[in-house]
Amino acid sequence: MAPPVLTPITQALNDGTLTRDELKGFLRRSNWPAFRLLTIWIVTLCVTGYLIRISMGTGWVWPAMFVHGVVMVHHFALQHECCHYTVFKTRWLNDVAGNICGFIIMLPNRHFRYEHCDHHTYTQLSGDDPELIPLPKNLWGYFWYLSSVPYWRNKFSELFNHTLGRLSEDEKRFIPKEEHQTIIWEANIMVLLYVAIVTICFVTGWWAPVWYWWLPVLLGEPVMRFIRMTEHVGKPCISDMKENTRTNYVSRPMQFLCWNMNYHAEHHYASSVPFYALPQLHEKLRHVVQVEPRGYLGAHIDILKQLTGRKTRSDATEATPRA
Amino acid sequence: MRDKTWQDLIAIADLMPKDATPVKFGTRELAVFDTVDGITVAYARCTHGAANLCDGYFDGKTIECPLHQGLFDARTGAARASPARVNLRMIQSRTLNSMVQILI
């Protein structure tokens, strides 16, 4: 067994930032907030999908697909919550929803769950955090990351390798041996379903998945990359949760789309707290975590300042990677 | 080696009702679970990532690790969901004279 760890939430309990009663109140689970939000979610998808339909055949179809795509890529936010089992009180519903979301955005759910576990164990530690997005070396690296080309290259390569039964050394570190076959099966099932859908498209001439799903996801992914960068990029590569993660104040529509994950520092403090309780948890922790009041744009201004030499780069204080 | 004896751990009145309560017993960190089937006691650290399970979500039957949301049956210690795979170590317990006692 690993040596005892002092999680941020235990630390917060120990130093009186939060009482145990308050924590237990935040941890309470319910299915209803997710059912309500999912209803609005599906209506939103129908509306943005309808925009594509009415603009089909015109140049407006591209901005319509982009808008729909921005919603589509936010299935990541829902999947992320599901992998923490904090969307639904009924645990298996989180698995079902997580797998559906993962299929929509090509992020195998079981693989993501294990990868994300290590992200929470080694948040922002170079060489250990499998989800760490390094601070780009320069502006070219910044825009290259935002283009999503490296992201998709990695994801396609991962999926392809998994279908062939290959796991990288890094993956073998965070996925237990007993689960390797599950990861390989998951990738194969996913690819088979994609191939089946493409085949149906060719046979029937029904190309809706391309217009309403795949092209929008490709167009929307840079927005998700933009948002993902605001969570940790530009923050020091150290284990202190008070320093290495940003909470961003964002507009209500963006908060809806990201399932309150803009309260990212609070989420890292207590990842078992459901999405709907994060705003209340924020009220308790706002004085001890890093808050970006200007939201996503403010976070990127911070990152760009570091890239253009107007602020000390956060990785100047990087911790020594694990040998 | 001395025989195990029943020893007082915590007053029932001091437990978090229907929840997990962290208790120090010497150097040991224990968790007292007020389950639907009665009170049980286990070592408090998750067998996967070693977080203190008492800070996690408890539904009366299972305790969820606060760090990675692995799951254990708080009545038997059985690991129920990944990434937890090794069972929790339980300690035999009973209630007597308003106290939770453990055999240790």
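Here is how names work: the chains are called A, B, and so on, in the same order as the sequence lines, proteins then strands, and each is numbered from 1. The structure displayed is predicted, hence computed values, not measured ones.
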| query | Which salt bridge (Lys or Arg N to Asp or Glu O under 4.0 Å) pairs, counting each pair once, include a residue from residues 258-284 of chain A, with sequence neighbours left out? | reply | A:Glu22-A:Lys284, A:Glu283-A:Arg286
| message | To check you understand the geometry: which heavy-atom pair defines the closest contact between A:Cys117 and B:His68, and what is its length? | response | O-NE2, 3.0 Å
| message | Ignoring hydrogens, what is the shortest heavy-atom contact between B:Cys54 and A:Arg20? Give both atom names and the distance. | response | O-NH1, 3.2 Å
| field | Between CG on residue A:Leu27 and CG on residue B:Asp59, distance to nearest 0.5 Å | value | 12.0 Å
| Side chain, backbone, both or neither: which part of B:Thr62 has a heavy atom under 4.5 Å from chain A? | neither
| query | Is it the backbone or the side chain of B:Asp55 that comes under 4.5 Å from a heavy atom of chain A, or both, or neither? | reply | both
Within a reach of under 6.0 Å around [atom1] of [X], are more than 12 heavy atoms found that belong to other residues, nucleotides or ligands?
X: A:Trp185; atom1: CH2; answer: no
X: B:Lys61; atom1: NZ; answer: no
X: B:Lys18; atom1: NZ; answer: no
X: B:Arg94; atom1: CZ; answer: yes
X: A:Asn14; atom1: CG; answer: yes

| Ion pair present between A:Glu179 and B:Arg85, side-chain N to carboxylate O less than 4.0 angstrom? | no
| query | Between A:Arg29 and B:Tyr57, is there a donor-acceptor pair closer than 3.5 Å when you use the side chain of the first and the backbone of the second? | reply | no
| query | Any sub-3.5 Å donor-acceptor pair from A:Lys24's side-chain atoms to B:Met16's backbone N or O? | reply | no
| field | Those residues that, when tested against A:Thr123, pass side chain to side chain contact (heavy atoms under 4.5 Å, CB included) (two or more places apart) | value | A:His119, A:His232, A:Met241, A:Asn244, A:Thr245, A:His268
| task | Name all residues meeting the side chain to side chain contact (heavy atoms under 4.5 Å, CB included) criterion together with B:Cys65; count only those two or more places apart in sequence or in a different chain, and write none if there are none. | result | B:Cys46, B:Ala51, B:Leu53, B:Leu67
| Taking every heavy-atom pair that is under 4.5 Å apart, which of A:Arg28, A:His120, A:Arg113, A:Glu178 has the most such pairs with chain B? | A:Arg113
| request: Check each atom of A:Ile175 against the heavy atoms of chain B and say whether the ones under 4.5 Å are side chain, backbone, both or neither. | output: neither
| message | Does any backbone or side-chain atom of A:Thr7 lie under 4.5 Å from a heavy atom of chain B? Answer side chain, backbone, both or neither. | response | side chain
| request: Taking atom types as modelled, find out whether B:Gln69 and A:Ser271 have a side-chain donor-acceptor pair closer than 3.5 angstrom. | output: yes
| task | Tell me the residues of residues 85-110 of chain A whose non-hydrogen atoms fall below 4.5 Å from those of chain B, in number order. | result | A:Tyr85, A:Lys89, A:Arg91, A:Arg110
